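To keep things clear, I will list the structure first and then write my remarks on it.
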Amino acid sequence: MSDRLEQLRQLLETDPSDPFCLYAIGMEYMNRGEHTAAAAHLEQSLLEDPAQPYAHFHRARCLARMGQVPDALKAIENGLEVAEANEDAKACGELMDLKKELHG
């Protein structure tokens, strides 16, 4: 386990429902190519705070890489709702690009 991942895990022990820490752990796993663990942590982050368009985006990427395209598309739709509600044009654009990529 990398030092950064270990540090994040220790930080999570102090507040197991910290959405940012769960997101960061998910991203560490994603960067290591461990998509199942990444998707699980990103999902947990979203359960704590669903208003994170990039958590939806990265969870969708993980799901797609695991071959779960319908679930990835659902994650994208959830992310688009959040991004649109927050008027986050950049997140909307990235989510739409991923959606187009998955529809191939």
Side-chain angles (χ1 to χ4, degrees):
M1 197 175 295
S2 73
D3 289 334
R4 181 173 165 85
L5 187 55
E6 183 59 34
Q7 289 172 348
L8 289 167
R9 287 184 158 290
Q10 289 174 2
L11 185 59
L12 187 62
E13 288 177 14
T14 64
D15 183 2
S17 62
D18 180 341
F20 177 76
C21 193
L22 289 161
Y23 174 85
I25 291 171
M27 294 304 295
E28 284 296 313
Y29 278 121
M30 191 176 82
N31 291 335
R32 294 167 50 132
E34 297 179 34
H35 303 298
T36 301
H41 281 85
L42 292 166
E43 181 176 22
Q44 187 63 40
S45 177
L46 288 164
L47 289 173
E48 298 299 334
D49 179 10
Q52 305 176 75
Y54 286 102
H56 290 284
F57 173 81
H58 291 297
R59 182 170 172 268
R61 285 181 53 207
C62 288
L63 291 168
R65 288 179 180 161
M66 295 182 330
Q68 299 175 16
V69 174
D71 291 333
L73 291 169
K74 175 80 171 127
I76 291 168
E77 292 304 320
N78 292 338
L80 282 169
E81 287 177 20
V82 170
E84 289 168 0
N86 292 331
E87 298 180 358
D88 187 336
K90 184 174 188 281
C92 280
E94 290 184 29
L95 286 156
M96 288 302 295
D97 288 345
L98 182 56
K99 183 176 180 178
K100 289 176 192 169
E101 179 183 319
L102 294 180
H103 278 276

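Since the model is a prediction, treat every value here as computed from it, not as a measurement. In this chain, residues are counted from 1 in sequence order.
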Are [Y] and [X] connected in a single hydrophobic cluster, I mean Ile/Leu/Val/Met/Phe/Trp/Tyr linked by side-chain heavy atoms less than 4.5 Å apart?
X: Leu63; Y: Leu102; value: no
X: Val82; Y: Ile76; value: no
X: Phe20; Y: Leu8; value: no
X: Tyr54; Y: Met27; value: yes
X: Met66; Y: Val69; value: no

Quick check: closest heavy atoms across [X] and [Y], and the distance to 0.1 Å?
X: Ala72; Y: Ala64; result: CB-N, 3.8 Å
X: Pro53; Y: Asn86; result: CD-ND2, 4.4 Å
X: His103; Y: Leu73; result: NE2-CD2, 3.8 Å
X: Ser45; Y: Pro19; result: OG-O, 2.7 Å

Rounded distance (nearest 0.5 Å) linking atom [atom1] of [X] with atom [atom2] of [Y]:
X: Phe57; Y: Cys62; atom1: CZ; atom2: SG; result: 10.0 Å
X: Arg4; Y: Glu6; atom1: CZ; atom2: CD; result: 13.5 Å
X: Ser17; Y: Asp49; atom1: OG; atom2: CG; result: 11.0 Å
X: Leu95; Y: Glu84; atom1: CG; atom2: CD; result: 9.0 Å

**Message:** Under the criterion side-chain contact (heavy atoms from CB on, under 4.5 Å), I'd like the reasoning laid out for Leu22 against Glu43: C-alpha separation, chi angles, the key distance, then a yes or no.
**Reply:** CA-CA 9 Å; Leu22 289 161; Glu43 181 176 22; over 6 Å; no
**Residue Gln10 excluded, over 12 heavy atoms near CD under 6.0 Å** =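 Result for CD/Gln10: enclosed.
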**Asked** Given Cys21 and Ile25, is the side-chain contact (heavy atoms from CB on, under 4.5 Å) satisfied, shown in steps?
**Response** CA-CA 6 Å; Cys21 193; Ile25 291 171; 4.3 Å; yes
**Message:** So Arg32 and Leu5, do their side chains get closer than 4.5 Å, heavy atoms only?
**Reply:**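 Yes, their side chains come closer than 4.5 Å.
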**Item:** Residue pair Leu42 / Gln52, side-chain heavy-atom distance below 4.5 Å
**Value:**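 Counting from C-beta outward, Leu42 and Gln52 never come under 4.5 Å.
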**Asked** Does Lys90 come within less than 4.0 Å of Glu94, counting only side-chain N to carboxylate O?
**Response**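 Glu94 and Lys90: salt-bridged.
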**Verdict with supporting geometry, His56 and Arg59, side chain to side chain donor-acceptor pair (under 3.5 Å)** = CA-CA 5 Å; His56 290 284; Arg59 182 170 172 268; 5.8 Å; no
**Prompt:** Hey, mind stepping through Glu48 and Asp18 against side-chain contact (heavy atoms from CB on, under 4.5 Å) and telling me if it holds?
**Reply:** CA-CA 7 Å; Glu48 298 299 334; Asp18 180 341; over 6 Å; no
**Item:** Check: Tyr29 ring centroid to His41 ring centroid under 6.0 Å
**Value:**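 For Tyr29 and His41, the ring centres are under 6.0 Å apart.
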**Prompt:** Going through the distances and angles, do Lys99 and Glu77 end up as a side-chain contact (heavy atoms from CB on, under 4.5 Å)?
**Reply:** CA-CA 9 Å; Lys99 183 176 180 178; Glu77 292 304 320; 2.5 Å; yes
